[in-house]
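Structure first, commentary second.
Throughout, a chain's letter reflects where its sequence line sits, starting with A, and its residues are numbered from 1.
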Amino acid sequence: MAFQIVINLIIAFMWMFLSESYSVPSFIAGYLWGILLLFLLRRFVPDTFYLRRVIKIVRLILLFIKELFSSNMDIVKLVYTPKPDVEPGIFELPTELKSNWEITLLANLISLTPGTLSVAVSRDNTKLFIHAMHIDDSDASILSIKNTFEKAIMEVTR
Amino acid sequence: MIETWISIILNILVIVFILGGTFFILSASIGIVRFPDVYTRLHAATKASTLGIACILIGAFLYLYLAHGIVSGKLLLAIVFILLTAPVSAHMIGRAAHAYGVKPHLKNRRDAYQDAINEYTENQ
């Protein structure tokens with residue numbers, strides 16, 4: 001991935017020097033040409049095409065914004081109900097993610113999504129302890145976290 | 001003609017963003033007062049205030065661009081940093097509260113973290 005970005009930057013600079021206009025627009029034009037060349041020659045360059053991973057990152061960010069909005073709606077609804085019948089509790093979420101970086105990202109995403117707040121990470125980094133507003137549907141939220149966030153993070157990092 | 005319409009729509013967007021942001025922050029503060037314990041209060045404090053501040057900053061960004069023609073990158077950076085730091089601070093406050101011994105507000109419900117800590121200390 002890093003190799004492809006370097007090639008893309010070199011192509012962009014070559015385009016700037018060939019067209020003899022040293023400005024930001026010509027750099028961007030050169031970068032776009034580089035993306036096109038890399039896409040056409042993707043069979044001969046090691047690793048998969050790097051924009052594919054960029055698209056996955058963008059998808060993760062969009063998913064995150066959507067969840068942020070729905071969690072805010074939940075909280076606002078709870079704040080203005082006269083007698084909120086919350087049944088809070090802490091449940092544990094077994095995770096398959098390994099590195100510190102992935103677990104940090106997952107904990108941050110969990111904290112900003114509906115009804116859940118990560119409280120701690122177990123000592124061997126295999127479980128996250130999550131505080132939930134409605135402990136009764138903790139199984140459902142475990143499933144949804146595993147299916148959406150963990151999958152999306154794995155696609156980005158692996 | 002079209003330009004005036006576009007500017008009217010953008011101005012309405014500014015109003016919507018800033019009013020929405022203040023509404024979310026107001027709800028967050030009411031939630032902090034109303035919810036029963038530390039952890040549920042953290043829910044309100046992190047989620048609603050994050051989106052509220054982000055909305056206000058987007059509104060300010062649009063306003064600066066419309067009224068003065070300034071593209072202020074600092075405001076966008078501030079949104080990114082708030083999204084990065086708010087959940088981390090919530091995590092640390094929650095963990096510190098638990099370590100200090102603040103009991104969660106439970107109605108005969110489980111606290112898996114306390115169970116795990118008990119298990120660990122028994123095994124030592």
**Request:** Could you check whether the rings of B:His43 and A:His131 sit parallel, tilted or perpendicular, using 30° and 60° as the cut-offs?
**Result:** tilted
**Asked** Is it the backbone or the side chain of B:Tyr39 that comes under 4.5 Å from a heavy atom of chain A, or both, or neither?
**Response** both
**Item:** Smallest separation among heavy atoms of A:Gly30 and A:Ile11, with atom names
**Value:** O-CG2, 4.1 Å
**Prompt:** What parts of residues 63-71 of chain A touch chain B if we use heavy atoms and a cut-off under 4.5 Å?
**Reply:** A:Phe64, A:Leu68, A:Phe69, A:Ser71
**Message:** Taking side chain as everything from C-beta outward and backbone as N, CA, C, O, which of these in B:Thr40 sits under 4.5 Å from a heavy atom of chain A? Side chain, backbone, both or neither.
**Reply:** both
**Prompt:** When the aromatic ring centroids of A:Phe13 and A:Phe27 are compared, is their separation below 6.0 Å?
**Reply:** yes
Using atom types as modelled, flag every donor-acceptor pair under 3.5 Å from a side chain in residues 76-99 of chain B to any protein atom, sequence neighbours excluded.
residue, atom, partner, partner atom, Å
B:Thr85, OG1, B:Phe81, O, 2.8
B:Ser89, OG, B:Thr85, O, 3.4
B:Ser89, OG, B:Ala86, O, 2.8
B:His91, ND1, A:Ser118, O, 3.3
B:His91, ND1, A:Ser118, OG, 3.1
B:His98, NE2, B:Asp111, OD2, 3.3

**Complete:** Cut-off 4.5 Å, heavy atoms of chain B, and the answer for A:Thr116 is backbone
**Prompt:** In terms of ring plane angle, is the pair B:His68 and B:Tyr63 parallel, tilted or perpendicular, where the classes change at 30° and 60°?
**Reply:** perpendicular
**Message:** Using only atom types and a distance under 3.5 Å, with no angle test, would you say the side chain of A:Lys146 pairs donor to acceptor with the backbone of A:Leu93?
**Reply:** no
**Prompt:** Hey, does the side chain of A:Lys98 reach the backbone of A:Glu96 with a donor-acceptor pair shorter than 3.5 angstrom?
**Reply:** yes
